[in-house]
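One structure below.
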2 protein chains.
Amino acid sequence: MATQRFSSDIGAFRRAALSCPIPNAVDLIGEKWAFLILRGALNGLRHFEEFQAGLGIARNILSDRLARMVAGGILERCPDPNDGRKVIYSLSRKGEGLLPVVVALRQWGEEWGHGSSEVVLADRRDGRAVRKICVQAHDGRALNLDELTWVRPDGESVEIRQAAE
Amino acid sequence: MATQRFSSDIGAFRRAALSCPIPNAVDLIGEKWAFLILRGALNGLRHFEEFQAGLGIARNILSDRLARMVAGGILERCPDPNDGRKVIYSLSRKGEGLLPVVVALRQWGEEWGHGSSEVVLADRRDGRAVRKICVQAHDGRALNLDELTWVRPDGESVEIRQAAE
DNA sequence: CTGTTTGGTTGCGATTTGCTACTGATATCG
DNA sequence: CGATATCAGTAGCAAATCGCAACCAAACAG
């Protein structure tokens with residue numbers, strides 16, 4: 001009945017995937033509008049109408065996404081104390097934690113020609129552009145894909161990639 | 001006719017958004033399956049059946065996403081020279097450039113409890129875990145949201161966030 | 001030649017999108 | 001105060017997309 005005869009490392013991959021946080025994370029912000037709302041929030045958008053006009057998103061979709069992001073702890077929803085009609089959607093600490101993801105994606109887009117870099121993100125202190133985000137070793141050295149492995153916290157190595165040629 | 005009377009900074013936001021690479025980038029990988037395929041590819045998955053079994057994705061959807069990612073230059077598709085039935089999907093340099101995005105999202109998920117860190121990404125040279133990815137100033141200092149601004153390449157400051165409030 | 005693996009495609013019902021119009025609560029204007 | 005405008009959503013509905021299952025042709029393997 002040929003139970004499992006995988007040609008390479010899907011077995012290991014699936015096992016590792018069980019504990020991988022990415023699928024859950026992707027359910028929260030791995031969707032066009034959710035990600036654009038996040039970008040908007042990082043850039044100071046705070047109200048329903050601002051998101052709607054700023055992103056050009058349909059109102060029912062926006063409503064749904066905001067609710068999900070609030071439920072997911074990325075955004076916080078509170079009535080505007082200065083104007084009873086308005087609601088303020090602000091980033092939680094968890095939401096702010098996504099800054100590196102958004103900036104990394106932006107830098108990737110710039111590097112690969114998905115839009116010009118007319119403005120660039122900079123350190124407010126001195127106005128100098130931020131560094132290119134990269135994966136860094138313990139000592140700060142930049143690492144690329146083939147310099148990485150998976151290890152268990154005890155230091156034991158685990159092969160997931162490279163298992164298959 | 002009340003043309004534009006935005007209460008805060010959507011005007012500036014929309015202007016900046018025109019040149020922002022994020023919407024295009026999001027069209028390419030800002031979707032659940034595309035992102036999971038990317039993660040799979042970074043972890044060594046290479047064949048159609050591997051992705052299908054590894055991710056549990058429907059075959060028609062997988063087919064569609066692979067084609068899009070090839071068209072978008074993230075993956076490269078080539079027939080396996082050793083087996084005429086197989087096709088190898090491998091990351092292009094552009095695709096590998098997304099490594100920081102994926103790792104940053106994974107770290108965020110770990111930090112905020114979307115999955116355990118049974119295995120951790122490490123420097124293959126010494127087996128030590130990689131650093132937490134963050135936005136860094138020119139001198140390597142970690143920067144958080146409120147320490148950032150937008151500047152034009154000539155150094156001229158541009159207010160997008162913080163314009164409101 | 002027979003059976004299996006691989007990488008798809010096709011059909012179809014269920015879900016999700018996105019547009020437009022509407023509502024109800026609160027503010028602003030005169 | 002009364003009329004109007006703003007804000008944050010809902011409601012309805014057509015069109016697009018998803019996801020399952022079945023099917024298929026080409027390329028091996030025995």
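Numbered from 1 within each chain, the chains take letters A, B, ... in sequence-line order.
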Practice item. Mind checking the CE-CG spacing from A:M69 to A:L38? Nearest 0.5 Å is all I need. Key: 5.0 Å
Filtered N/O pairs between nucleotides 26-30 of chain D and protein, under 3.5 Å:
| from | atom 1 | to | atom 2 | distance (Å) |
| --- | --- | --- | --- | --- |
| D:dA27 | O3' | B:G84 | N | 3.4 |
| D:dC28 | OP1 | B:D83 | OD1 | 3.3 |
| D:dC28 | OP1 | B:G84 | N | 2.5 |

Review point. Of the options A:R77, A:H47, A:E50, A:R46, which is the one that meets A:Y89 in a side-chain contact (heavy atoms from CB on, under 4.5 Å)?
Key: A:R77
Exercise for review: Rounded off to whole Å, could you give me the CD1-to-P distance for the B:I37 and D:dC18 pair?
Suggested key: 11 Å
Exercise for review: Check step by step if side chain to side chain contact (heavy atoms under 4.5 Å, CB included) holds for B:F48 and B:V87.
Suggested key: CA-CA 7 Å; B:F48 189 95; B:V87 167; over 6 Å; no
Check your understanding: For A:L28 and B:W108, which heavy atoms make the closest approach, and how far apart are they?
Key -> CD1-CH2, 4.2 Å
Review point. Which whole-number value in Å describes the distance from A:L62 CG to C:dT17 P?
Key: 13 Å
Practice item. Could you tell me whether the phosphate oxygens of C:dT9, OP1 or OP2, come under 4.0 Å of any side-chain nitrogen or oxygen in B:S63? Key: yes
Check your understanding: Atom CZ of B:R68 and atom CD of B:E31: how far apart are they, to the nearest 0.5 Å?
Key -> 7.0 Å
Exercise for review: Nearest whole angstrom, please: distance from the P of D:dC18 to the CD of B:Q52.
Suggested key: 16 Å
Review point. Is any side-chain nitrogen or oxygen of B:Y89 closer than 4.0 Å to OP1 or OP2 of C:dG8?
Key: yes
Practice item. Supply the atom-to-atom distance A:N24 CG to B:L105 CG, rounded to the nearest 0.5 angstrom. Key: 10.5 Å
Revision key, fill the gap. B:L66 CG to C:dG7 P, in whole Å, measures 10 Å
Check your understanding: Got a sec, which residues hit side-chain contact (heavy atoms from CB on, under 4.5 Å) with B:A67, two or more places apart in sequence or on another chain?
Key -> none
Atom pairs under 3.5 Å: protein N/O with N/O of nucleotides 18-22 of chain C:
| from | atom 1 | to | atom 2 | distance (Å) |
| --- | --- | --- | --- | --- |
| C:dG18 | OP2 | A:W33 | NE1 | 2.7 |
| C:dG18 | N7 | A:N60 | ND2 | 3.0 |
| C:dC19 | N4 | A:N60 | OD1 | 3.4 |
| C:dC19 | N4 | A:N60 | ND2 | 2.8 |

Practice item. Determine, step by step, whether A:L91 and A:L75 satisfy the side chain to side chain contact (heavy atoms under 4.5 Å, CB included) criterion, reporting the C-alpha distance in whole Å, the side-chain angles of both residues, the deciding distance to 0.1 Å, and the verdict. Key: CA-CA 5 Å; A:L91 284 166; A:L75 293 178; 3.8 Å; yes
Check your understanding: Rounded to the Å, how far apart are B:F48 CZ and D:dA25 C1'?
Key -> 14 Å
Revision key, fill the gap. So CZ of B:R141 and CD of B:Q136: to nearest 0.5 Å the spacing works out to 10.5 Å
Check your understanding: Between atom NE2 in A:H47 and atom C1' in C:dA27, what is the gap in whole Å?
Key -> 14 Å
Practice item. In whole angstrom, give the distance that lies between atom CG of A:D64 and atom C1' of D:dG9. Key: 12 Å
Study note, to complete from the structure: Rounded to whole Å, the CG-P distance (A:L45 to D:dC7) equals 14 Å
